[in-house]
A.B. asks: 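Sharing a structure here in structure tokens format.
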Amino acid sequence: EDQVTQSPEALRLQEGESSSLNCSYTVSGLRGLFWYRQDPGKGPEFLFTLYSAGEEKEKERLKATLTKKESFLHITAPKPEDSATYLCAVHLQGGSEKLVFGKGMKLTVNP
Amino acid sequence: DAGVIQSPRHEVTEMGQEVTLRCKPISGHNSLFWYRQTMMRGLELLIYFNNNVPIDDSGMPEDRFSAKMPNASFSTLKIQPSEPRDSAVYFCASSLWTGVGQPQHFGDGTRLSIL
């Protein structure tokens, strides 16, 4: 069965304290991996798509990387406004548009 | 540009009542997705449409759930009769499907409470 696991489930950081979020996947074939950010009471907001091992994408304080078994979302010098739940999702091989989501990781950045 | 628009934002109703959730996708997008989010199970795909045609409804939990997309700018998700275990946040998302890896864009959801 295709599975996406995010760890840790929750993370508290002090402002400026860099860290990484992990998304590991066990799937039959990967066409792409997506990262989303979700604020309370809002829908997930698209951040990045990664297609192949070794690929990296950056946006402000966030950098996403991909290997054959996992993806990392690195947060450099986070600010309180980076507090949110971060979701990863995989797009499987085949013709389906279906995404399989992890359960998310709640990040809290204290000032 | 207007994003995905969902209505209502909140719905509270009693068990056994019919519930209809509505979604307007982003103009020009050709795929529409309905998801359900709970603490226990996370974000789960219920059904998706491509060019207004249902493609995969394997995530629809029971016959009490039905979805329609009568045109490219409107979709509904209906629950009849509703049960307390249907309480969740329901999201609609849309994308421009070109064959590979286009992101899905989400609305802000409908928070449904069945008493």
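Since the model is a prediction, treat every value here as computed from it, not as a measurement. Numbers restart at 1 for each chain; the letters A, B, ... are given by sequence-line order, proteins then strands.
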A.B. asks: For the atom pair OH (Tyr35(B)) and CG (Leu99(A)), what is the distance rounded to the nearest 0.5 Å?
C.D. replies: 4.5 Å
A.B. asks: Does Arg61(A) have more than 12 heavy atoms from other residues, nucleotides or ligands lying within 6.0 Å of its CZ?
C.D. replies: yes
A.B. asks: Can you say whether Arg9(B) sits under 4.5 Å from chain A via the side chain, the backbone, both, or neither, judging by heavy atoms?
C.D. replies: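 For Arg9(B), side-chain heavy atoms alone lie under 4.5 Å from chain A.
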A.B. asks: Taking everything shown except Glu62(B) itself, do over 12 heavy atoms lie less than 6.0 Å from its CD?
C.D. replies: yes
A.B. asks: So does Lys98(A) get a backbone contact from the side chain of Tyr48(B), meaning a donor-acceptor N/O pair under 3.5 Å?
C.D. replies: no
A.B. asks: Give, for atom CG of Asp39(A) and atom CG of Asp108(B), the distance between the pair rounded to the nearest 0.5 Å.
C.D. replies: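 It comes to 9.5 Å.
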A.B. asks: Look at the side-chain heavy atoms of Ile, Leu, Val, Met, Phe, Trp and Tyr, link any pair under 4.5 Å apart, and say whether Leu73(A) and Phe34(A) land in one connected group.
C.D. replies: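 Different clusters: Leu73(A) never reaches Phe34(A) through Ile, Leu, Val, Met, Phe, Trp or Tyr contacts under 4.5 Å.
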A.B. asks: Counting only heavy atoms not in Lys106(A) (residues, nucleotides, ligands), do more than 12 fall under 6.0 Å from its NZ?
C.D. replies: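 Check fails, neighbour count at 12 or below.
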A.B. asks: Transitively linked via ILVMFWY side-chain contacts under 4.5 Å: Trp34(B) with Trp97(B)?
C.D. replies: no
A.B. asks: For Lys103(A) and Met39(B), indicate whether the former's side chain and the latter's backbone hold a donor-acceptor pair under 3.5 Å.
C.D. replies: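 Absent.
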A.B. asks: Would you say Phe106(B) and Lys42(A) make side-chain contact, with heavy atoms under 4.5 Å?
C.D. replies: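 No, every pair of side-chain atoms sits at 4.5 Å or beyond.
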A.B. asks: Take a 6.0 Å sphere around CZ of Arg64(B) and say whether it holds more than 12 heavy atoms from other residues, nucleotides or ligands.
C.D. replies: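 Enclosed.
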A.B. asks: Can you tell me how far the CD atom of Gln104(B) sits from the CZ atom of Phe46(A), to the nearest 0.5 Å?
C.D. replies: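 So the CD of Gln104(B) and the CZ of Phe46(A) are separated by 11.0 Å.
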A.B. asks: Which answer fits Leu43(B), side chain, backbone, both or neither, if we ask what part of it has an atom under 4.5 Å from a heavy atom of chain A?
C.D. replies: both
A.B. asks: Quick check for you: to the nearest 0.5 Å, what is the distance between Gln102(B) atom CD and His91(A) atom NE2?
C.D. replies: 10.0 Å
A.B. asks: Kindly compute the distance separating CD (Gln37(B)) from OG1 (Thr85(A)), expressed to the nearest 0.5 Å.
C.D. replies: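 Here the rounded value is 8.0 Å.
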A.B. asks: Could you tell me which of Ala89(A), Gly32(A), Ser96(A) has the largest number of non-hydrogen atom pairs under 4.5 Å with chain B?
C.D. replies: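 Max contact count across the listed options: Ser96(A).
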A.B. asks: Relative to chain B, which segment of Gln38(A) carries a heavy atom at a distance below 4.5 Å: side chain, backbone, both, or neither?
C.D. replies: side chain
A.B. asks: Decide if atom CG of Asn71(B) counts as having more than 12 heavy atoms of other residues, nucleotides or ligands within a radius under 6.0 Å.
C.D. replies: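 Counting neighbours around CG of Asn71(B), more than 12 heavy atoms of other residues, nucleotides or ligands fall under 6.0 Å, so yes.
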A.B. asks: Considering residues, nucleotides and ligands other than Glu81(A), do more than 12 of their heavy atoms fall under 6.0 Å from its CD?
C.D. replies: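 Yes.
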A.B. asks: Is Tyr36(A) in contact with chain B via its backbone, its side chain, both, or neither, using a 4.5 Å heavy-atom distance?
C.D. replies: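 Side chain only.
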A.B. asks: If hydrophobic clusters are built from ILVMFWY residues whose side chains come within less than 4.5 Å, do Phe91(B) and Leu21(B) share one?
C.D. replies: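 Not linked; separate clusters.
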